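Taking it in order: structure first as structure tokens, then the write-up.
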Amino acid sequence: MLNKLAASELVLNDDGSVYHLNLLPEDIADKIILVGDPDRVPKVSQYFDKVEIKKNKREFYTHTGVLRGERISVMSTGIGTENIDIVMNELDALVNIDLKNKEIKTEHKALELFRMGTCGSVNPDVQVDNMLVTQNVVGLDGLMHFYKDYHFENDFSKNFIEKFPYEKIKPMLYFADWAEDIAEYYKDARYHGNTATFPGFYAPQGRQLRLKSLDDKFLETLNELGITNFEMETSAIYAFSKLLGHKAITVNNVIANRRRGEFSSDHHASEKNLIEWVLERIIK
Ligand code: URA
């Protein structure tokens, strides 16, 4: 295999940092919290005992510091799996590619990635302002089909693909699941569920403003196939982690119950609760 990467493939900034994340290898910890919203980054890092690094470019903001003696990073990814394509490839490059020589390292390093986000539940019994940990995920965004070696199958995926009725979307589906050993941290979460990740917020998630979505019964149909919640990032985070040898787990705050038409009455309070809940569990 040709290990040396061309300048056009692994693009670096003038200071040698990876292009979009604007980070050098020493700027990140092995434990990284991934949030969507750049404004959430300081809301997390305010709990660190010390913040050593603050860097950003576009929607990618990173703070790295120390909490209870352990190094930790928090990074914003923006919205959607197309951003996760950038985040996961560049994070992996920071630890598994020698950026100076542009060569893939022979020794592999695994990162621990903790996605902390928001979602909408499609199970009417899953209540807003509670935390839901993703065990299985189905990607309806198609991203991983561009990667040659990606394949994942388990009982959940086999049942889902067999019964999924939307023939036009079926070719886009791909699956992944959580990293067992770090899922341990979250064993006391209120909900553990199966998440569907979409390439959009409105019709892809069955929302209808002036435009109609594919099917009025979309939420019910996906819920009957075992899906508990909808969001826009976890499929790619879990799938890249499998392909690149990292460990990932997602916990989302349920901010909407789509089947009951309910929205969180105080999403700022539940965001604060989520941040404290995650930090307590991932740093002992
Ligand atoms: N994020 C989503 O993608 N969907 C929701 O319903 C809530 C948060």
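As the structure is a computational prediction, the values presented were derived from the model and not from experiment. Below, each value reflects all heavy atoms present in this structure, side chains not excepted, and no hydrogens, waters or symmetry copies.
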Which value, rounded to the nearest 0.5 Å, describes the distance between Ile72 atom CD1 and Ile33 atom CD1? 4.0 Å
Whether the side chain of Lys4 engages the backbone of Lys102 through a donor-acceptor N/O pair (distance < 3.5 Å, no angle test) should be reported. no
Could you tell me which residues satisfy salt bridge (charged side-chain N to carboxylate O under 4.0 Å, His left out) with Asp92, sequence neighbours excluded, listed by chain and number? none
Determine, stepwise, if the pair Lys109 / Asn96 fulfils side-chain contact (heavy atoms from CB on, under 4.5 Å). CA-CA 6 Å; Lys109 182 175 199 168; Asn96 289 316; 3.7 Å; yes
Main-chain N/O of His20 paired to Glu90 side chain as donor or acceptor, under 3.5 Å: yes
Is there a side-chain contact between Asp177 and Phe152 in this structure, where contact means two heavy atoms from C-beta onward sitting under 4.5 Å apart? yes
Hey, is the main chain of Ile84 close enough, under 3.5 Å, to the side chain of Thr77 for a donor-acceptor pair? no
Side chains of Val138 and Leu225, heavy atoms from C-beta outward: is any pair under 4.5 Å? no
Remaining members of the apolar cluster that contains Ile255, side-chain heavy atoms under 4.5 Å: Phe263
Locate the shortest heavy-atom distance separating Ser45 from Val51; write the atom from each residue and the value. O-CG2, 3.7 Å
To the nearest 0.5 Å, what is the distance between CD1 (Ile104) and CG (Asp98)? 11.0 Å
Backbone N or O of Lys43 within a donor-acceptor pair of the Gln46 side chain at under 3.5 Å? yes
Would you name the heavy atoms of Thr134 and Ile249 that are closest together and state the gap between them? O-CD1, 4.4 Å
Looking at Thr228 and Gly193, would you say the former's side chain and the latter's main chain have a donor-acceptor pair under 3.5 Å? no
Show every salt bridge (Lys or Arg N to Asp or Glu O under 4.0 Å) that has at least one partner inside residues 206-220, sequence neighbours left out. none
side-chain contact (heavy atoms from CB on, under 4.5 Å) assessment of Arg190 paired with Met131: CA-CA 6 Å; Arg190 171 88 185 262; Met131 286 154 227; 5.5 Å; no
For Phe230, the ring pair (Phe, Tyr, Trp, His ring centres under 6.0 Å) test, sequence neighbours excluded, returns Phe198
Sub-3.5 Å donor-acceptor pair from the side chain of Ser213 to the main-chain atoms of Gln208, do we have one? no
Identify every side-chain donor-acceptor pair in residues 113-124 under 3.5 Å, counting partners at least two apart or on other chains, and give the distances.
| unit_1 | atom_1 | unit_2 | atom_2 | d |
| --- | --- | --- | --- | --- |
| Arg115 | NH2 | Glu233 | OE1 | 3.0 |
| Ser121 | OG | Val126 | O | 3.1 |
| Asn123 | OD1 | Asp125 | N | 2.8 |

Joining Ile, Leu, Val, Met, Phe, Trp and Tyr whenever any side-chain heavy atoms lie under 4.5 Å apart, the cluster holding Tyr19 also takes in Val11
Is the side chain of Arg258 donor-acceptor paired with the backbone N or O of Gln205 at a distance under 3.5 Å, no angle test? yes
If you compare all heavy atoms of Ser17 against all heavy atoms of Asp15, which two are closest, and at what distance to 0.1 Å? OG-OD1, 2.6 Å
Side chain Ser241, main chain Lys247, donor-acceptor under 3.5 Å: no
Sequence neighbours excluded - ring pair (Phe, Tyr, Trp, His ring centres under 6.0 Å) pairs with any residue from residues 80-110: His108-His246
List the atom of Gly69, the atom of Asp49, and the distance in Å for their closest heavy-atom pair. N-OD2, 4.4 Å
Could you tell me if the side chain of Thr62 sits less than 4.5 Å from the side chain of Ile53, heavy atoms only? no
Applying the side-chain contact (heavy atoms from CB on, under 4.5 Å) criterion to Met75, which one of Leu21, Asp27, Val35 satisfies it? Leu21
Using residues 274-284 as the side-chain source, report each donor-acceptor pair under 3.5 Å to any protein atom, sequence neighbours left out, with the distance given to one decimal.
| unit_1 | atom_1 | unit_2 | atom_2 | d |
| --- | --- | --- | --- | --- |
| Glu276 | OE2 | Tyr47 | OH | 2.5 |
| Glu276 | OE2 | Lys272 | NZ | 3.1 |
| Arg281 | NE | Asp188 | OD1 | 3.0 |
| Arg281 | NE | Asp188 | OD2 | 3.3 |
| Arg281 | NH1 | Trp277 | O | 3.0 |
| Arg281 | NH2 | Asp188 | OD2 | 2.7 |
| Lys284 | NZ | Arg281 | O | 3.2 |

For Pro165 versus Thr221, what's the shortest heavy-atom pair and its separation? CG-CG2, 3.7 Å
Using a side-chain heavy atom cutoff under 4.5 Å and only I, L, V, M, F, W and Y, what cluster partners does Phe201 have? Ile79, Tyr202, Leu209, Met232
Residue pairs passing the ring pair (Phe, Tyr, Trp, His ring centres under 6.0 Å) test with at least one member in residues 127-151, sequence neighbours excluded, are Tyr147-Phe240
Straight-line distance of Asn136 CG to Thr195 OG1, nearest 0.5 Å: 9.0 Å
Can you list every pair that meets salt bridge (Lys or Arg N to Asp or Glu O under 4.0 Å) and has a residue in residues 128-152, with sequence neighbours left out? none
Quick one: does any side-chain atom of Ser76 pair with a main-chain N or O of Gly78 as donor and acceptor, under 3.5 Å? no
So does Glu52 pair up with Arg71, basic N to acidic O under 4.0 Å? yes
For the pair Glu231 (side chain) and Thr234 (backbone), establish whether a donor and an acceptor sit closer than 3.5 Å, ignoring hydrogens and angles. yes
All pairs passing ring pair (Phe, Tyr, Trp, His ring centres under 6.0 Å) where residues 161-183 contributes a residue, at least two apart: Phe160-Phe164, Phe160-Phe175, Phe164-Tyr166, Tyr166-Phe218, Trp178-His192
Could you walk me through whether Asn13 and Asn22 pass the side-chain contact (heavy atoms from CB on, under 4.5 Å) check? CA-CA 7 Å; Asn13 298 308; Asn22 195 32; 3.5 Å; yes
Under 4.5 Å between side-chain heavy atoms, hopping through other hydrophobics if needed: is there a path connecting Leu24 to Leu5? no
